[in-house]
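Let me begin by presenting the structure, written as structure tokens, before commenting on it.
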Amino acid sequence: MTDIKSMTLSQQADLLRAMGQPAYRAKQLFSWLHRGATSFGEMKNLPLDLRARLEESCVISHPTVARKQVSQEDGTIKYLWRLADGNCVETVLMGYRHGNTVCVSSQVGCLMGCAFCASTLGGKVRDLTAGEILDQVLFTQLDSGRPISNIVMMGIGEPLDNFDNVLRFLELVNCPEGLNIGMRHISLSTCGLTEKIDKLAEYGLQLTLSVSLHAPDDATRSRLMPVNRSVGVDKLLETCRRYFEKTGRRISFEYAMIDGVNDSDAQADLLARRLAGTGSHVNLIPLNHVEESPLKPSRRVRAFQRRLEEQGINVTVRRKLGGDIDASCGQLRRRARREAEKGGIGQ
Ligand code: SAH
């Protein structure tokens with residue numbers, strides 16, 4: 001069966017042309033899919049016999065809500081979606097002054113093994129298809145009734161480890177006949193797969209690339225992030241400089257503040273030295289404590305911020321949203337799985 005939602009408009013046009021249909025039919029089909037239609041039967045402006053033929057040869061992916069949690073503090077909504085094969089992924093909807101941002105997952109689980117992250121605890125199960133990534137945006141918008149203007153790829157998974165599907169997703173969500181979300185409204189976060197960052201640079205997309213740095217020195221970064229053991233901080237920052245030169249887009253560095261691990265003055269000074277003159281931006285993230293991990297949130301976030309600022313670095317501290325609903329990605333899926341093991345619901 002053909003995964004129709006993962007196809008671009010021109011691929012759908014080819015498919016329909018092969019079925020003897022005029023070009024405008026593809027726009028109709030594409031537009032139904034990108035408004036969240038879940039069956040060909042409801043596509044009333046397509047001829048009956050075409051609907052029947054599509055039904056026989058194609059599937060329309062669509063997730064169902066396995067769990068939904070609404071924050072009483074700030075209205076953040078967290079969805080646990082169940083996919084067609086029973087696997088679950090998380091999506092978070094956050095309201096900001098400038099509009100609604102959705103945080104999407106790119107894989108079921110993750111291979112990267114970062115010490116502080118809940119998403120990686122059970123390893124990677126599989127990549128998401130482009131359609132399944134898009135579905136998170138579509139169905140979050142439909143279920144919540146809140147129009148989505150921004151997307152961050154900061155949910156479960158390493159987006160650059162699922163490069164082709166993620167790129168296809170970006171093309172789909174950016175398409176004027178679909179959700180038409182501009183690249184400048186999209187951020188993609190990576191643990192720093194250098195070859196894939198170079199490959200992404202070739203496309204010259206206007207999205208914001210965020211790199212999860214979390215430490216300015218190899219000893220600390222390798223302890224926190226296994227990916228650093230093969231490619232150290234030097235090579236990563238070199239790759240980031242190349243990315244900026246090629247795309248003209250400044251990279252934003254994420255830095256989760258962990259008590260006694262990466263929050264010393266010496267580490268702030270080293271970070272400032274390494275980023276000096278790049279115009280890069282550092283986003284400090286108060287660590288979300290993961291039950292299975294001994295790592296604790298830092299109590300030095302403001303001091304670290306001030307020290308970086310004194311050395312000319314642009315710094316923001318991520319606002320904590322949805323603290324009452326496990327809104328940190330990976331945590332809800334984790335909890336649902338634990339409960340399922342004990343005989344509760346969820347996957
Ligand atoms: N794999 C990608 C995107 C997923 S995570 C990446 O590594 O960037 C999005 C961000 O949340 C990353 O910066 C990640 O390091 C961070 N993160 C993961 N677990 C966290 C936790 N418990 N507390 C704070 N930040 C966390």
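Taking both residues in full, the closest heavy atoms of Y79 and T140 are given as CE1-CG2, 3.7 Å, listed atom of the first, atom of the second, then distance. Looking at every heavy atom in both residues, A37 comes nearest to E42 through CA-OE2, 3.5 Å. Counting all heavy atoms, side chain and backbone alike, D161 lies closest to L111 at OD2-CD1, 4.0 Å. Across every non-hydrogen atom of G131 and S6, the tightest pair is N-OG, 2.9 Å. Taking both residues in full, the closest heavy atoms of V301 and L284 are given as O-CD1, 3.9 Å, listed atom of the first, atom of the second, then distance. Counting all heavy atoms, side chain and backbone alike, L15 lies closest to C58 at CD2-SG, 4.3 Å.
Residues satisfying the salt bridge (Lys or Arg N to Asp or Glu O under 4.0 Å) criterion with K296, sequence neighbours excluded, are absent altogether.
Between the side chain of S105 and the main chain of E90, a donor-acceptor pair closer than 3.5 Å is present. The backbone N or O of L138 lies less than 3.5 Å from no partner atom in the side chain of Q141, so there is not a single donor-acceptor pair. At least one donor-acceptor pair under 3.5 Å links the side chain of T278 to the backbone N or O of L275. Remark: the backbone N or O of V233 is not paired with any side-chain donor or acceptor of R221 at under 3.5 angstrom. In this structure, N262 contributes its side chain and H214 its backbone to a donor-acceptor pair below 3.5 Å. One N or O on the side chain of D263 and one on the backbone of G260 form a donor-acceptor pair closer than 3.5 Å. Using a distance-only test at 3.5 Å, with no hydrogens or angles considered, a donor-acceptor pair links the side chain of S57 to the main chain of R53. Side-chain N or O atoms of T120 include none that pairs as donor or acceptor with a backbone N or O of G123 at under 3.5 Å. Checking side-chain atoms of S212 against main-chain N and O of C191 turns up no donor-acceptor pair under 3.5 Å. In terms of modelled atom types and a separation under 3.5 Å, the side chain of E171 and the main chain of T8 share no donor-acceptor contact.
Within a 6.0 Å sphere centred on CZ of R229, other residues, nucleotides and ligands contribute more than 12 heavy atoms. More than 12 heavy-atom neighbours from other residues, nucleotides or ligands sit within 6.0 angstrom of CZ on R249. Other residues, nucleotides and ligands contribute only 12 or fewer heavy atoms inside 6.0 Å of the CD atom of E195.
Salt-bridge annotation for R126 and E132: present, with a side-chain N of the basic residue lying under 4.0 Å from a carboxylate O of the acidic one. Salt-bridge check for D265 with R300: passed, with a basic side-chain N closer than 4.0 Å to an acidic carboxylate O. Between R274 and D234 there is a salt bridge, since at least one side-chain N of the basic residue sits less than 4.0 Å from a carboxylate O of the acidic one.
Atoms OG and CG, from S61 and L83 in turn, are 9.0 Å apart once rounded to the nearest 0.5 Å. Between atom OG of residue S144 and atom CG of residue L93 there is a gap of 5.0 Å, rounded to the nearest 0.5 Å. Between the OG atom of S10 and the CZ atom of R17 there is a distance of 8.5 Å, given to the nearest 0.5 Å. Rounded to the nearest 0.5 Å, atoms CD (E238) and OG1 (T194) are 9.5 Å apart. Separation of atoms CG (L188) and OG1 (T208) is listed at 10.0 Å; rounding is to 0.5 Å. F30 CZ to L16 CG: the interatomic distance, rounded to the nearest 0.5 Å, is 12.5 Å.
The cluster map of Ile, Leu, Val, Met, Phe, Trp and Tyr, joined by side-chain heavy atoms under 4.5 Å apart, puts V59 and M7 in different clusters. F253 and L287 end up in the same hydrophobic cluster when Ile, Leu, Val, Met, Phe, Trp and Tyr side chains are linked at under 4.5 Å. M153 and Y203 fall within a single hydrophobic cluster, where Ile, Leu, Val, Met, Phe, Trp and Tyr are joined by side-chain heavy atoms under 4.5 Å apart, directly or via other members. Cluster membership for I148 and V89, using ILVMFWY side-chain heavy atoms within less than 4.5 angstrom, is shared. If you chain together hydrophobic residues whose side chains sit under 4.5 Å apart, M225 and V231 never meet in one group.
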Using salt bridge (charged side-chain N to carboxylate O under 4.0 Å, His left out), reason through K68 and D143 one step at a time and then give a plain yes or no.
CA-CA 10 Å; K68 176 178 173 182; D143 183 87; 2.7 Å; yes
Just do the side-chain contact (heavy atoms from CB on, under 4.5 Å) check on T190 and K196 with the steps written out, would you?
CA-CA 10 Å; T190 177; K196 298 293 172 58; over 6 Å; no
Check the pair E254 / M154 against side-chain contact (heavy atoms from CB on, under 4.5 Å), numbers first and verdict last.
CA-CA 11 Å; E254 291 158 280; M154 294 189 181; 3.7 Å; yes
Apply side-chain contact (heavy atoms from CB on, under 4.5 Å) to T64 and W81, showing your working.
CA-CA 6 Å; T64 54; W81 297 109; 5.9 Å; no
If you apply the rule side-chain contact (heavy atoms from CB on, under 4.5 Å), what do you find for I151 with T101, and how did you get there?
CA-CA 5 Å; I151 299 172; T101 296; over 6 Å; no
Pair N180-N174, side-chain hydrogen bond (donor to acceptor under 3.5 Å, both in side chains): steps then yes or no:
CA-CA 5 Å; N180 195 17; N174 185 232; 5.4 Å; no
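A donor-acceptor pair shorter than 3.5 Å cannot be found between the side chains of N283 and Y255. Side-chain contact annotation: H98 with S149, donor-acceptor N/O pair under 3.5 Å absent. Side-chain contact of N100 with N150: a donor-acceptor pair under 3.5 Å is absent, judged by distance alone. Side chains of Q107 and N162: a donor-acceptor N/O pair is absent below 3.5 angstrom, by distance only. Looking at R35 and S31, their side chains do bring a donor and an acceptor atom within 3.5 Å of each other. Of the N and O atoms on the side chains of S106 and E158, not one donor lies less than 3.5 Å from an acceptor on the other residue.
The shortest distance between side-chain heavy atoms of L271 and F304 falls below 4.5 Å. Using a 4.5 Å heavy-atom cutoff, the side chains of L200 and L167 are in contact. Residues R299 and M257 fail the side-chain proximity criterion, which asks for heavy atoms closer than 4.5 Å. Side-chain contact between Y243 and T239 is absent, with no heavy atoms from C-beta onward closer than 4.5 Å. Contact check for L170 versus L207: side-chain heavy atoms found under the 4.5 Å cut-off. Using a 4.5 Å heavy-atom cutoff, the side chains of V92 and I77 are not in contact. I251 has its side chain out of reach of R241: every pair of non-hydrogen atoms, C-beta onward, lies at least 4.5 Å apart. R223 is listed as a side-chain neighbour of V261, based on a closest heavy-atom distance under 4.5 Å.
With Q305 as the fixed residue, the side chain to side chain contact (heavy atoms under 4.5 Å, CB included) test singles out one of V282, I313, V315, T316: V315.
Taking the six-membered ring for Trp and thresholds of 30 and 60 degrees, F139 and H62 have ring planes inclined between 30 and 60 degrees apart.
Taking the six-membered ring for Trp, F116 and H289 have ring centres at least 6.0 Å apart.
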